[in-house]
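What follows is a short report on a single structure.
Note on naming: letters A, B, ... go to the chains in the order of the sequence lines (proteins, then strands), and numbering restarts at 1 for each one. What you see below is based on every heavy atom in this structure, not just the backbone, and it leaves out hydrogens, waters and symmetry mates.
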Number of protein chains: 2
Amino acid sequence: MPTSKSTSPPAAAARQTLNRERIETEALALIEAQGLEAFSTRKLGQQLGCEAMSIYYHFPSKAHLLDALVDRTLNGLPIPPKNLRPALRIRSIAQAWRAMSRQSPRFYLWMALHRWNSESGVRFLAEVLDCFYAAGLKPEQAARGFRVLGYYLLGATLDETSGYAQGPSSVQPLPDEAVQRLYPQVAQAGRYFQPEHFDATFELGLKLLLQGLGMED
Amino acid sequence: MPTSKSTSPPAAAARQTLNRERIETEALALIEAQGLEAFSTRKLGQQLGCEAMSIYYHFPSKAHLLDALVDRTLNGLPIPPKNLRPALRIRSIAQAWRAMSRQSPRFYLWMALHRWNSESGVRFLAEVLDCFYAAGLKPEQAARGFRVLGYYLLGATLDETSGYAQGPSSVQPLPDEAVQRLYPQVAQAGRYFQPEHFDATFELGLKLLLQGLGMED
DNA sequence: ACCTGAACACCGTTCAAGT
DNA sequence: ACCTGAACACCGTTCAAGT
């Protein structure tokens, strides 16, 4: 792409000065534009108008940069007020989490599969666990409830952002016509796997789990 | 590593002849030994005792090879007999799926995040959907039930194979000591996140979902 | 203090060539 | 038919050097 318009050539070439904030913002944009796989420090440098190596002055490694993106994303999540009923707090967190995954679907792959044991990560986990304690569950049941709902939320968001509805990932997918002919029940169900059904399907499982855990009736 | 012992040098150097079967087997072994990220056609060639490029005679690309590994893994899954109760068939499939994820935890990351729209993939999906139809669910409820249980199974296996119990993934994790001090409820719950609790936790959520879907009482 | 540029040890893949 | 080797366009990162 051409350098930005309406500034004089030297200004455009110099760009703004580099800093963590600007690097992080551009990194997230690049990941969403090109995907995690294609994301490289060299392309990021190009996007920032600097050498790839300049980034290394601000972040010791690519992994540190990605960690910073995780923290930034976690810190952007709204935390529901503690006076809400525990089930509502959980619903609110789940809702915020899904919204985040939809907002940054490609970065979400990294979010979802890396443990959030940074300071912000643990703080967020504590917030969620609190909801289960607030519902009156004993430590073991709180831990298991947390886990079970976490499994569900993790699987749902990953599927919504990277799954079936994103098209085939096989190099040689079975053509739709063949699916229709050989496995009509799959073709028929496929209709309910599309994005317009995401909310209703997610809600079904969430309700079953919250009810089953005795947090909702 | 040294060339294999007890054969004359030329025989050892020649190794066995290359074929898809041998390449796939060695690829899976290499992935489990070194991880998905580190898996490269060049290292695989080294492992096989040939040039990296020789692999390209048997597979058009690395993606085709990974697709073949997905198919091979799917085809290795036992399919429960149709005369079992639907809920038992689902439990049996979930059990087999989890066993597979534990057997190939590192390759599982690829398995889980790529859509199985190859022939073997769709056949497997059809098998699972059948269980929901056999339980008497209408197409919409069958599709949603399938999805909800699939979300749960996906999240659980990913967490079991790549999650919390595998240790920190942050570059700068909050030290255990700090977690203990700042977020005691997280430290306390962490005990139930260890592998010895995987089965009981998984069973809890599975039971809640199957009961909620009316497939088990 | 902040950024650059050459260099190193890697990638996947193309292509022409060997046996 | 099957395998090789050089080459191309990429990676992340180190390090010494520039301003």
**Item:** Donor-acceptor side-chain pairing of A:Tyr183 and B:Glu119 below 3.5 angstrom
**Value:** yes

**Modelled atom types, side-chain donor and acceptor of A:Gln185 and B:Asp130, under 3.5 Å** = yes

**Prompt:** With Watson-Crick and G-U wobble geometry limited to distances under 3.5 Å, how should the secondary structure of DNA chain C be encoded in dot-bracket form, using | for bases paired to another strand and [ ] for crossing pairs?
**Reply:** ||.|||||...|||||.||

**Request:** Answer yes or no: is there a side-chain heavy-atom contact under 4.5 Å between A:Leu206 and B:Val148?
**Result:** no

**Prompt:** Side chains of A:Thr157 and A:Arg98: do they bring a donor and an acceptor to under 3.5 Å?
**Reply:** no

**Message:** Within a 6.0 Å radius of atom CD on B:Glu196, are there more than 12 heavy atoms belonging to other residues, nucleotides or ligands?
**Reply:** yes

**Prompt:** Over how many whole Å does the gap from B:Arg20 atom CZ to D:dA1 atom P extend?
**Reply:** 17 Å

**Message:** Check whether A:Ser169 reaches the backbone of B:Arg115 with its side chain - one donor and one acceptor, N or O, closer than 3.5 Å.
**Reply:** yes

**Request:** Taking all non-hydrogen atoms of both residues into account, name the closest pair between A:Ala38 and A:Lys43 and its distance.
**Result:** O-NZ, 2.8 Å

**Message:** So, does A:His58 get its side chain near the phosphate of C:dC3, meaning an N or O under 4.0 Å from OP1 or OP2?
**Reply:** yes

**Request:** Answer yes or no: does atom CD of B:Glu203 have more than 12 heavy-atom neighbours from other residues, nucleotides or ligands under 6.0 Å?
**Result:** yes

**Request:** Between protein and nucleotides 5-15 of chain D, map the contacts as a letter string: B base, S sugar-phosphate only, - none, heavy atoms under 4.0 Å, written 5' to 3'.
**Result:** BBB---BBBB-

**Item:** Phosphate OP1/OP2 of C:dC3 contacted by A:Tyr57 side-chain N/O (<4.0 Å)
**Value:** no

